[in-house]
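Report on the structure given below.
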Amino acid sequence: MPLSAFQAVNVIEGSDYFDSLEDERQASAAIAIHMAWLQHSSSMEFFKTERLLPDSPVDMLLLYKATVETFAQWPPPPPDRELPSGGRVINLAQAEQRLRSLSDPRQAALASLFVSNVIRLSATSSVEQDVNYCLELFLRCIQQDGVIDRIASGAIKRHSDLLADPDYW
Amino acid sequence: MSAGPPPPQPASPAPWQWVPSRQQPLPPRPGGTAPSGDIPELLRHISQIRGQGATIAEAEQAWVEGMRLINLRAAQFPGNGPVVNDFLGTAQGGWRTYRGQPPRPGDQAFMIAFNERTGVVITGQGQGLRPHPTLPGQTQLHLRKPVVIYP
């Protein structure tokens, strides 16, 4: 059952991690998943078309790390045939079903890696993570046109760096 | 160009309107959409009028109208624009937040926020907005290397 409003833990730790990323691919991955969160789960009125809500508070540090680690190697390694066991997650069955429904091989491989990262990182999270919510958000991120390639190339981070100059509005 | 509720309306019509110093706009820089120099000039104008007594609502209106004008000036360049200035909503603490349009999916975009309670105007980099650490459902302004336009 989704929460009535978005809730998060490790928000400040997540922000510190986000701000610490210098590597172009890592930072691009964090920016892209953050923008997906802003668009699909934040409370800002502009994004009214969808409010994707988790069933449990989201560990923002975990969310960023799981995304960054998904893009840590490029091209990504082939995903394991089985998801890791353990971890403090809920809604795993829905996530597994969603993974099986993906037809694009590259998206499916990245999504499987991402879910594995969420499960593994959740082992130390203070709150059980809604892995199906995390997956849905991740898919909304990478299914946008060209986002995977722009993360991989670091282009998102390079564009972000331009924003120090308001002439690039 | 702007979504959501309009900014607070001042008592008198646009007394703090921005007038571009260049009658003819300069071409946008590669990667930008606004005529070069226009937005930095508008930001300086916002800072100046706050110092001269414009209220935060009047400064916000000057921003919105200035961006409309910049959008028109940008349209003089074939294939350019629009210059987007979306009102995202009010973040926790009274930050009325505007954002440009990310050039490509996944990209960040400029943000500017007007604090309706404190009168501060700010831009900056980083996440821009994040979940509030303690208030469920609230979104908080969070900028790395913030540039305080006023005071």
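Order of the sequence lines sets the chain letters (A, B, ...), proteins ahead of strands, with each chain counted from 1. Keep in mind the model is a prediction, meaning the values are calculated, not measured.
Contacts classified as salt bridge (charged side-chain N to carboxylate O under 4.0 Å, His left out) and involving residues 62-72 of chain A (residues at least two apart or in different chains) are given here: E69(A)-R120(A).
No hydrogens or angles considered: a donor-acceptor pair under 3.5 Å links the side chains of Q127(B) and S15(A).
The neighbour count for Q52(B) CD, taken as heavy atoms of other residues, nucleotides or ligands under 6.0 Å away, is above 12. Residue E50(A) qualifies as enclosed at atom CD: its count of foreign heavy atoms under 6.0 Å is above 12.
Between chain B and the residues C141(A), A5(A), S43(A), the most heavy-atom pairs under 4.5 angstrom are made by S43(A). Listed options W37(A), F6(A), W169(A) were ranked by heavy-atom pairs under 4.5 angstrom with chain B; first place goes to W169(A). In terms of heavy-atom pairs under 4.5 angstrom with chain A, the leader among P28(B), P35(B), S36(B), G124(B) is S36(B).
A single hydrophobic cluster is not seen to contain both V9(A) and V89(A); linkage of ILVMFWY side chains at heavy-atom distances under 4.5 Å, directly or through other members, places them apart. Grouping the Ile, Leu, Val, Met, Phe, Trp and Tyr side chains by contacts below 4.5 angstrom, directly or via other members, places L88(B) apart from L135(B). Note on V68(A) and L113(A): separate hydrophobic clusters, where clusters join Ile, Leu, Val, Met, Phe, Trp and Tyr whose side-chain heavy atoms are under 4.5 Å apart, directly or indirectly. In the hydrophobic cluster analysis, where Ile, Leu, Val, Met, Phe, Trp and Tyr join through side-chain heavy atoms closer than 4.5 angstrom, I90(A) is grouped apart from F114(A). No single ILVMFWY cluster, assembled from side-chain heavy atoms under 4.5 Å apart, contains both V127(A) and L3(A).
If you measure heavy-atom distances from Q138(B) to chain A, the contacts under 4.5 Å come from the backbone alone. Proximity to chain B (any heavy atom under 4.5 Å) is shown, for D165(A), by both the backbone and the side chain. Using a 4.5 Å cut-off between heavy atoms, T97(B) contacts chain A through its side chain alone, with no backbone atom that close. Looking at A8(A), the atoms closer than 4.5 Å to chain B (heavy atoms on both sides) sit in the backbone and in the side chain alike. Neither the backbone nor the side chain of P102(B) comes within contact range of chain A; no heavy atom of the residue lies under 4.5 Å from a heavy atom of that chain. Only the backbone of P30(B) comes within less than 4.5 Å of a heavy atom in chain A; its side chain stays farther off. Using a 4.5 Å cut-off between heavy atoms, L43(B) touches chain A through its side chain atoms alone.
When all heavy atoms are compared, the tightest approach of G106(B) to I156(A) is O-CG2, 3.6 Å. Of all non-hydrogen atoms in L38(A) and M111(B), the two that sit nearest each other are CD2-CE, 4.0 Å. Between P131(B) and V11(A) the shortest heavy-atom distance is O-CG1, 3.2 Å. Among all heavy-atom pairs drawn from I31(A) and Q108(B), the shortest one is CG2-CG, 3.4 Å. The two residues A91(B) and M44(A) come nearest to each other via the heavy atoms N-CE, 4.0 Å. Nearest heavy atom pair, residue E45(A) against residue T90(B), reads OE1-N, 3.3 Å.
Taken from CZ in F46(A) to CZ in F87(B), the straight-line distance is 11.0 Å, to the nearest 0.5 Å. With rounding to the nearest 0.5 angstrom, the CD atom of Q140(B) is 7.5 Å from the CD1 atom of I12(A). From S42(A), atom OG reaches atom NE2 of H132(B) across 14.0 Å, with rounding to the nearest 0.5 Å.
For the side chain to side chain contact (heavy atoms under 4.5 Å, CB included) test with D107(B), the passing option among K157(A), M35(A), R158(A), R150(A) is R150(A); the others fail.
D167(A) places a side-chain N or O within 3.5 Å of a backbone atom of G37(B) that can act as its donor or acceptor partner.
Side-chain atoms of H142(B) and D19(A), non-hydrogen and from C-beta on, do get closer than 4.5 Å to each other.
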